[in-house]
Each structure stands twice: as structure tokens, then as C-alpha cells.
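Notes follow once the structure below has been shown.
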Amino acid sequence: MIRILSVVGARPNFMKVAPIHRAFEAASDLFHHSIVHTGQHYDAAMSDAFFQDLDMPHPEWFLGVGSGSHAQQTARVMTGFEDVCLEAKPDYVIVVGDVNSTIACALVSVKMGIRTAHVESGLRSFDRAMPEEINRLATDAIVDDLFVTEASGRDNLLREGVDPSRIHFVGNTMIDSQVYALPKAERSRIHEQLFLEQGSYALVTLHRPSNVDVEDRLRMLMGTLEIIAERCLVVFPVHPRTRKHLETWGIVPSPRVRLIDPVGYVDFLALMKGARLTLTDSGGIQEETTALGVPCVTARTTTERPSTVLEGTNVLVQPERGPILAAVEDVLDGRIKQGRVPELWDGHAAERIVDVLRRHYS
Ligand code: UD1
Ligand code: UDP
């Protein structure tokens with residue numbers, strides 16, 4: 001039996017690992033899969049909510065690292081994960097995405113001589129001021145197997161000199177979760193609960209440090225939402241990082257900008273599907289809206305997910321009032337970018353990962 005350990009830590013990790021767990025369960029003749037939760041995210045709305053929505057078992061290990069500086073958080077994950085590896089003796093470790101838990105666990109397992117894989121490998125924003133870019137570069141430089149979601153990921157890795165035999169273009173496990181949860185989202189009551197009419201609102205998420213950690217920028221972005229709200233109700237599930245800064249700086253929007261707590265995965269999927277548009281700086285939401293065909297305005301200087309712009313419904317705009325309003329008005333005026341779903345975003349990426357491992361271990 002091959003013992004596989006997958007790591008989750010922060011909100012965008014759960015939807016990437018849930019389908020991987022299901023695919024290994026279906027291959028239980030050869031594999032035993034378990035989950036480690038680092039506790040990087042710990043609020044119920046940022047963590048617990050996802051297990052039920054995604055039908056994911058509770059993690060076998062919980063490190064409870066919590067928040068802190070990058071160094072503190074990364075160090076706590078590393079020492080906690082080393083103990084788990086000593087006890088569990090995995091044959092193979094899987095890390096996903098680009099959060100601090102990703103690089104921390106990759107460093108530990110690679111140095112312990114455990115074969116290690118990165119799912120969502122090769123994405124590059126080419127902006128080293130983003131903590132996630134450092135996590136992506138460092139993780140990809142050390143792991144053994146690199147599972148890629150889109151063509152740019154493969155191209156970037158090849159350019160960086162990665163041996164092609166270690167790169168596996170399998171598609172997007174985040175979209176596996178979307179395909180899995182869409183029937184549940186059809187049954188979501190979130191629109192009734194929030195008194196929202198389908199197709200009538202802009203769904204907003206903002207949490208990038210470059211957008212929300214600087215008072216002037218956050219004030220500018222909130223002012224921009226007020227202008228959008230003159231034409232279209234704004235619904236904004238607020239990330240804890242952003243909530244903390246809104247409170248610290250006393251920024252209180254008008255009622256047309258509806259701030260709500262983060263919602264669970266299924267409800268958020270229903271909100272995306274029913275939105276007139278999304279305005280975001282999230283990584284994953286760029287992909288999910290492309291898969292749904294929902295217009296997405298991304299308020300960032302770069303994206304590490306170019307297929308969402310080149311093929312999908314995503315428009316990348318400078319995070320300034322003018323460009324954001326221009327892109328939002330395009331959508332509200334009916335000038336809507338049409339898109340297609342990128343190659344292999346078909347709900348079967350996790351099965352392809354298991355196929356690769358089956359070939360490796362058979
Ligand atoms: C992290 C990831 C980011 C990802 C995001 C997803 C890193 C470097 N950043 O950013 O790539 O896009 O998660 O949501 O790994 N907090 C709470 N409750 C929680 C979690 C956080 O209140 O459950 C607050 C704390 O004040 C904390 C702050 O949010 O200091 C930031 O949390 P942290 O995990 O450091 O980074 P995120 O901004 O969440
Ligand atoms: N999401 C959610 N509830 C919310 C906001 C987002 O379930 O209130 C989901 C979203 O559908 C996607 C993931 O969280 O699957 C994206 O996480 P986030 O934007 O925090 O991180 P990023 O992708 O930017 O790293």
C-alpha cells in the first residue's frame with residue numbers, strides 16, 4: 001500500500017484537495033490517502049465550512065499553526081509537519097497551490113527524502129513582490145512531480161529547465177470540485193437568504209495585500225465599489241484580512257455595498273453563477289468564473305493564470321478607479337467578453353493525477 005499525504009492549510013486548498021482524496025479512495029487497492037491540515041486558516045468560515053460542502057473527511061492531522069508573520073507561520077508549519085511525517089511515514093506528499101503551507105511542507109518532505117508533488121505547478125505572475133510568487137518558485141524548484149493546470153504552467157517550467165518527464169499536464173482540480181458541487185449549488189438557498197435576485201448583482205472579493213493592506217488603496221477600492229453600486233448592487237463576502245483593515249481604518253460603506261462574512265463553497269458557487277459579474281483579486285475565482293462563463297474583472301497588475309484572460313471570461317485591469325469602472329461598465333452595458341473553458345478543465349484532473357501515480361508505482 002502506498003501511503004499518500006496531502007496538505008491543506010488555507011481556504012483555496014480545500015477545493016483542490018477534495019477531488020484528489022476522492023480519486024485516491026477510488027484507487028484504494030494501491031493507495032491510502034490522508035489529509036493534514038496546517039491550520040493556516042482557522043475561522044469556521046475559512047476552514048470548517050468546506051469539509052461538508054466538499055464531502056471531504058476531517059483531516060487525520062491538524063497542526064493548528066494559526067496566523068503570524070511569514071517566517072513564524074512557515075516555521076510553525078515546518079516543525080509541525082516534520083513530526084507528522086516522522087509518525088505517518090508517507091511514501092508520497094502532495095502540496096497544492098501557492099500559500100505558505102505549500103512551500104513549508106514541500107521543504108520538509110523533500111528534505112526528508114519523501115517523493116513530493118506540487119499540484120497547480122508552473123503558474124507565474126512574474127511579480128516577486130507577491131508572497132505567492134515566491135512560494136510558487138521555491139516549491140517548483142524542489143519537488144519531484146509537477147502537476148500543471150494550464151498550458152502556461154508547462155511552458156514556464158520548461159523554460160526554467162524542468163525535466164519534461166516530471167511535468168504532467170492534468171488539468172485543474174479546482175474545477176473538479178466545481179463540477180462536483182454544481183448540483184449542490186443549484187439547491188443553495190443563499191439568494192433567498194440574502195434577498196438577492198439572480199443576475200442582478202456584482203460579486204466582489206478582495207484580499208491581496210497589495211490591495212487591502214494600504215489604507216489609501218483600500219479606501220480607493222471601496223469608493224470605486226460605491227460608484228459601481230449606483231448601477232448594480234454589490235455583494236462582498238469579506239476576507240478576514242480585509243475585514244481587519246476596514247475596521248482598523250473605520251471604512252464603512254453605504255448599504256448598496258453589502259458586506260457579508262465569507263460564505264461556504266457551495267453558497268459561493270451559487271453566488272458566482274448568479275452574478276452579473278465578479279470583481280476580484282483572487283487567484284481561484286479567476287479560474288472558477290472562466291469555467292462558469294461568468295464575466296470576471298480582476299483588479300491586479302498581473303495574473304499567474306493567463307489562460308483565464310487568453311481563453312476565458314477574465315479581464316485584467318490595473319487596480320485603479322478608472323480602469324476598474326471602465327471594465328465593469330463594459331459588462332453592465334452588455335459588452336461582454338465571451339470565453340471558452342481551457343483544455344482539461346473537465347472535472348477529471350484528480351483522476352489523471354492518480355493515473356500518473358499508478359503508472360509510477362505499478
Ligand atoms: C493566504 C495566502 C494567500 C491566499 C489566501 C486565501 C499566504 C502567504 N497567503 O492569505 O495566497 O490567497 O490565504 O484566502 O499563504 N485571518 C483570520 N482568520 C483566519 C485566517 C486569517 O482572522 O482563519 C486573518 C488574520 O488576521 C491573519 C490575516 O487574516 O493575520 C492573514 O492571514 P494569512 O493566512 O497570513 O494570509 P491570507 O491573507 O489569508
Ligand atoms: N470562496 C468561498 N467563499 C467565499 C469566497 C471564496 O468558498 O466567501 C472560494 C472560491 O470559490 C474559491 C476559493 O474560495 O474556490 C478562492 O479562495 P481565495 O480567493 O481565498 O484564495 P486565492 O485563490 O486567491 O488564493
Side-chain angles (χ1 to χ4, degrees), residues 7-19 37-50 53-54 64-74 76-77 95-105 120 123 125 130-136 138-139 172-178 180-182 185 188 190 194 203-213 235-245 247-248 259-273 275 278 280-289 291-292 294 296 298 300 303-305 308:
V7 178
V8 293
R11 176 166 70 184
N13 297 157
F14 305 110
M15 44 300 277
K16 294 168 193 171
V17 167
H37 188 339
T38 67
Q40 176 173 346
H41 283 175
Y42 43 86
D43 288 354
M46 297 297 287
S47 172
D48 302 1
F50 297 98
D53 275 7
L54 294 160
V65 301
S67 302
S69 70
H70 285 279
Q72 289 164 341
Q73 195 173 56
T74 308
R76 285 202 290 263
V77 174
V95 298
V96 300
D98 55 15
V99 301
N100 285 346
S101 300
T102 311
I103 176 61
C105 294
E120 200 184 90
L123 297 182
S125 67
M130 281 183 85
E132 295 81 5
E133 183 74 353
I134 305 302
N135 293 341
R136 291 188 280 260
T139 303
N172 195 329
T173 65
M174 198 173 215
I175 304 306
D176 292 3
S177 275
Q178 184 178 95
Y180 178 81
L182 269 172
S188 161
I190 192 73
L194 297 176
L203 180 64
V204 175
T205 80
L206 296 168
H207 71 276
R208 293 263 89 82
S210 56
N211 279 337
V212 306
D213 283 10
V235 179
F236 183 177
V238 185
H239 189 285
R241 173 186 283 277
T242 313
R243 172 77 71 184
K244 189 172 69 179
H245 288 131
E247 284 170 5
T248 306
L259 303 189
I260 59 174
D261 286 335
V263 299
Y265 179 75
V266 168
D267 286 341
F268 193 77
L269 179 52
L271 284 178
M272 270 190 296
K273 200 157 182 284
T278 58
T280 192
D281 59 13
S282 159
I285 292 168
Q286 297 174 64
E287 297 182 339
E288 291 171 335
T289 47
L292 290 170
V294 170
C296 181
T298 298
R300 284 176 44 182
T303 179
E304 62 289 327
R305 292 159 160 92
T308 61

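Here the structure is a predicted model, which means the values were calculated and not measured. Order of appearance sets the numbers: ligands from 1, and atoms from 1 within every ligand.
Near G264, the atoms of ligand 2 lying under 4.0 angstrom from a non-hydrogen atom of the residue are 7 (O). Interface of H207 with ligand 1, defined as ligand atoms under 4.0 Å from a residue heavy atom, comprises 4 (C), 5 (C), 6 (C), 12 (O). Residue-ligand proximity, P240 to ligand 1, at heavy-atom distances under 4.0 Å covers atoms 16 (N), 17 (C), 18 (N), 22 (O), 24 (C). Which parts of ligand 2 touch P262 is read off a 4.0 Å heavy-atom cut-off, strictly below it: atoms 8 (O). Below 4.0 Å from some heavy atom of K244 lie the following atoms of ligand 1, by number and element: 26 (O), 30 (O). The contact set between ligand 1 and R208, taken as ligand atoms under 4.0 Å from a residue heavy atom, comprises 3 (C), 4 (C), 11 (O), 12 (O). Within ligand 2, the atoms closer than 4.0 Å to a non-hydrogen atom of P237 are 8 (O), numbered from 1 in the order shown. Each of the following atoms of ligand 1 lies closer than 4.0 Å to a heavy atom of Q73: 34 (O), 35 (O). Of all the atoms in ligand 1, the ones that sit under 4.0 Å from a non-hydrogen atom of E132 are 3 (C), 9 (N), 11 (O).
The closest donor-acceptor contact from the side chain of T139 to the backbone of N135 lies under 3.5 Å. Looking only at distances, no side-chain donor or acceptor of E132 sits under 3.5 Å from a matching main-chain atom of V99. Remark: side-chain polar atoms of S177 are not paired, donor with acceptor, to backbone N or O of M174 under 3.5 angstrom. Not one N or O on the side chain of D98 forms a donor-acceptor pair closer than 3.5 Å with the backbone of R136. Proximity of a side-chain donor or acceptor of E287 to a complementary backbone N or O of I175 within less than 3.5 Å is not detected. Although no hydrogens or angles enter the test, the distance criterion places a donor-acceptor pair under 3.5 Å between the side chain of T173 and the main chain of K16.
At a 4.0 Å heavy-atom cut-off, ligand 1 does not touch S282 at all. Of all the heavy atoms of R243, none lies under 4.0 Å from any atom of ligand 1, so neither backbone nor side chain is involved. Under 4.0 Å from ligand 2, heavy atoms of Y265 appear from its side chain as well as its backbone. Under 4.0 Å from ligand 2, heavy atoms of S282 appear from its side chain as well as its backbone. If you look at R241 next to ligand 1, the close heavy atoms, those under 4.0 Å, come from the backbone and the side chain alike.
Protein heavy atom in closest approach to atom 8 (O) of ligand 2: V263 N, 3.0 Å. In terms of protein heavy atoms, atom 7 (O) of ligand 2 is closest to F50 CE2, 3.2 Å. Of the protein's heavy atoms, D43 OD2, 3.0 Å lies nearest to atom 18 (N) of ligand 1. Looking only at protein heavy atoms, the nearest one to atom 8 (C) of ligand 1 is N100 OD1, 3.2 Å. Nearest protein heavy-atom neighbour of atom 7 (C) of ligand 1: Q40 NE2, 3.6 Å. Remark: minimum distance from atom 13 (C) of ligand 2 to any protein heavy atom is reached at M15 CE, 3.7 Å. Among all non-hydrogen protein atoms, the one lying nearest atom 6 (C) of ligand 1 is P12 CD, 3.4 Å. Nearest to atom 27 (C) of ligand 1 among the protein's heavy atoms is S67 OG, 3.3 Å. The protein atom (non-hydrogen) at minimum distance from atom 5 (C) of ligand 2 is R11 NH1, 3.3 Å. The protein heavy-atom contact nearest to atom 10 (O) of ligand 1 is H41 NE2, 4.3 Å. Of all protein heavy atoms, the one lying nearest to atom 24 (O) of ligand 2 is G283 N, 2.8 Å. Of the protein's non-hydrogen atoms, H239 NE2, 2.9 Å is the one closest to atom 14 (O) of ligand 1. Protein heavy atom at the shortest distance from atom 21 (O) of ligand 2 is P12 CG, 3.4 Å. Closest protein heavy atom to atom 23 (O) of ligand 2: G284 N, 2.7 Å. With hydrogens left out, the protein atom closest to atom 19 (C) of ligand 1 is Y42 CZ, 3.5 Å, a heavy atom.
Classified by interplanar angle (parallel below 30°, tilted 30° to 60°, perpendicular above 60°), the ring pair H207/H239 is parallel.
Contact between H207 and ligand 2 is present, with at least one heavy atom of the residue lying under 4.0 Å from the ligand. In this structure, E132 has no heavy atom closer than 4.0 Å to ligand 2. A heavy-atom separation below 4.0 Å is not found between Q178 and ligand 2. Ligand 2 has no atom lying under 4.0 Å from any heavy atom of G97.
Distance CG/L123 to OG1/T303: 8.5 Å, rounded to 0.5 Å. Note: F268 CZ to T278 OG1 = 7.5 Å, rounded to the nearest 0.5 Å. In this structure, L271 CG and T205 OG1 are separated by 11.5 Å, a value rounded to the nearest 0.5 Å.
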- Task: Go through R241 and D213 one step at a time and tell me if the side chain to side chain contact (heavy atoms under 4.5 Å, CB included) criterion holds.
- Result: CA-CA 8 Å; R241 173 186 283 277; D213 283 10; 2.7 Å; yes
- Query: Yes or no on side chain to side chain contact (heavy atoms under 4.5 Å, CB included) for I285 and M272, after CA distance, side-chain angles and deciding distance?
  - Reply: CA-CA 9 Å; I285 292 168; M272 270 190 296; 4.2 Å; yes
- Take H37 and S47 through the test side chain to side chain contact (heavy atoms under 4.5 Å, CB included) and record every step on the way to the result. CA-CA 9 Å; H37 188 339; S47 172; 2.8 Å; yes
- Please report the C-alpha distance between T289 and T308 in whole Å, then the side-chain angles of each, then the deciding distance to 0.1 Å, and finally whether the side chain to side chain contact (heavy atoms under 4.5 Å, CB included) criterion is met. CA-CA 9 Å; T289 47; T308 61; over 6 Å; no
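Nearest heavy-atom pair across S125 and E133 is N-OE1, 2.8 Å. In plain terms, the two heavy atoms of M46 and F14 that are nearest each other are O-CE1, 3.4 Å.
Note: no N/O pair closer than 3.5 Å links H70 and ligand 1 by distance alone. For the pair R11 and ligand 1, the shortest N or O to N or O distance does not fall below 3.5 Å.
You'll find the side chain of Y180 stays beyond 4.5 Å of the side chain of P19, heavy atoms only. Inter-residue side-chain proximity for K244 and V212 is flagged as unmet; no heavy-atom pair is nearer than 4.5 Å. In this structure the side chain of R243 reaches within 4.5 angstrom of the side chain of D261, judged on heavy atoms. Residues M130 and E304 meet the side-chain proximity criterion, which asks for heavy atoms closer than 4.5 Å.
Between atom 10 (C) of ligand 2 and the options E288, E287, E120, the minimum heavy-atom separation is to E288.
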